[in-house]
Undergrad: 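This is the structure I have questions about; it appears just below.
FYI, side chains are in, hydrogens and waters are out, and symmetry mates aren't considered; it's all heavy atoms of this structure. Read the numbers this way: they start at 1 and go in the same order the structure lists the ligands and their atoms. Keep in mind the model is a prediction, meaning the values are calculated, not measured.
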Amino acid sequence: MSRADSSSSSSLPPTAARRVLVPLGERSYEIRIAPGIIADPASALSDLLVRPRLALVADDGVFALHGEALLARLRTAGITVAVHRVPAGDASKSFAELERLVHFLLDAGIARDDLVLAFGGGMVGDLAGLAASLVRRGVGLVQIPTTLLAQVDSSVGGKTAINMPQGKNLVGSFHQPRRVLIDPGVLASLPARERRAGIAEVVKYGLIARADFFVWLEERIEALDELEESALAEAIAVSCETKARIVAADEQEQADTRALLNLGHTFAHALEAATGYDSRRLLHGEAVAFGLVLAADLSERLGHARPGLAGRISGLLARVGLAEGSALRQVFDAPPAAEHLLTLMGQDKKIRRGRLRFVLMRAIGESFVTDAVPREAVAASLDAVLGLTAENGTECR
Ligand code: GLY
């Protein structure tokens with residue numbers, strides 16, 4: 001991604017009407033970002049409905065908060081809605097839940113040109129997206145993400161997946177939605193910890209390709225934590241624009257472009273695996289925050305970036321309580337050994353020809369992919385950022 005001047009003004013160009021196009025030819029779609037958009041779902045979807053009928057697939061917890069209101073509005077507009085609830089939590093990204101959902105969609109008579117609405121966080125988006133890609137070899141999908149993480153990342157770009165005992169997201173497909181409806185207002189009902197964790201993915205976009213956005217975040221990051229609606233809408237729009245550009249350039253991750261979206265994720269997945277993927281201990285976004293600082297430290301260590309990059313990033317994240325060593329000490333009874341984390345990284349999906357690939361940075365807003373990363377340098381970064389050493393660490397519980 002091209003370098004942008006990180007010392008330039010922090011004002012961003014206005015995001016016209018908060019509509020972001022994901023340009024994929026005939027499969028192009030719009031991301032509509034508006035506070036209150038889920039209060040009027042029927043008008044946001046009417047042009048996509050060939051008949052007044054759809055399936056709503058909702059996270060149980062999200063449905064309890066917003067489901068009846070959404071249903072009432074759809075039904076008032078004359079739309080017949082078949083409702084399927086999925087138990088909250090990542091454990092629902094399973095073959096068992098996928099099978100249950102596929103049966104439901106077939107029993108509900110959902111046809112290729114009907115819509116499945118995925119209403120919830122990343123779990124529901126991934127599960128419903130996969131089911132929508134399989135039923136009748138592909139039925140219509142609309143994502144209505146309700147977590148910040150899903151709003152800026154997993155609902156956009158068409159990746160779907162379930163988890164396997166061998167690892168996360170190992171069975172899935174590419175199935176682009178026909179529209180994404182994002183209501184920043186729903187974030188108010190999220191626990192503060194989950195909302196903050198999502199901010200790590202927002203910061204990621206500044207680091208990958210938008211130095212101007214990173215500078216804006218340096219001025220405004222508390223506004224996201226405080227749920228200031230215009231700041232949230234702006235941050236979501238810029239994040240989605242950045243992701244849309246990357247997805248359009250490399251939809252199925254054939255080149256290195258889409259892999260840039262995994263900045264910090266190789267480290268993050270190892271930390272999550274070290275907790276046994278227990279999100280009560282470490283949320284994905286919390287792990288990504290550590291991963292961003294680790295990627296920056298590694299970039300400095302290998303001479304790709306000037307000294308100070310990791311400090312600038314950790315300084316920003318700390319303002320919303322992310323990537324702090326004290327938090328890590330609460331996650332692990334004893335710190336995991338760097339060697340243990342390095343072994344866990346060996347499961348990474350980005351491995352090519354047996355070599356682990358890392359997304360690194362030359363500067364804020366300028367990222368690249370490389371496999372030329374000595375193991376000792378990674379261990380040294382883990383040691384420096386997480387306070388581990390390869391020798392004295394112990395197995396995590
Ligand atoms: N979340 C990474 C991607 O969509 O490619």
Undergrad: Among all residues two or more places apart in sequence or in another chain, which pass the ring-ring contact (aromatic ring centres under 6.0 Å, His included) test with His175?
TA: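 Not a single residue meets the ring-ring contact (aromatic ring centres under 6.0 Å, His included) criterion with His175.
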Undergrad: Measure the spacing between CG of Leu181 and OG1 of Thr146 and express it to the nearest 0.5 Å.
TA: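 Reported to 0.5 Å precision, the distance equals 12.5 Å.
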Undergrad: Does a side-chain heavy-atom distance below 4.5 Å link Leu294 with Leu292?
TA: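 Contact flag for Leu294/Leu292 side chains = no.
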Undergrad: Kindly say whether the aromatic ring centers of His284 and His265 come within a distance under 6.0 Å.
TA: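 Between His265 and His284, which both carry aromatic rings, the centre distance is below 6.0 Å.
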Undergrad: Got a salt bridge between Lys159 and Asp153, using NZ or NE/NH1/NH2 to carboxylate O under 4.0 Å?
TA: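 No, this pair does not count.
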Undergrad: Does the side chain of Gln143 come within less than 4.5 Å of Arg178's, by heavy atoms?
TA: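 Result no, sub-4.5 Å side-chain heavy-atom pair not found.
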Undergrad: With hydrogens left out, which residues have an atom under 4.0 Å from ligand 1, given that only heavy atoms count?
TA: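 Around ligand 1, where the cutoff is 4.0 Å for heavy atoms, the contacting residues are Asp153, Lys159, Lys243, Arg258, Leu261.
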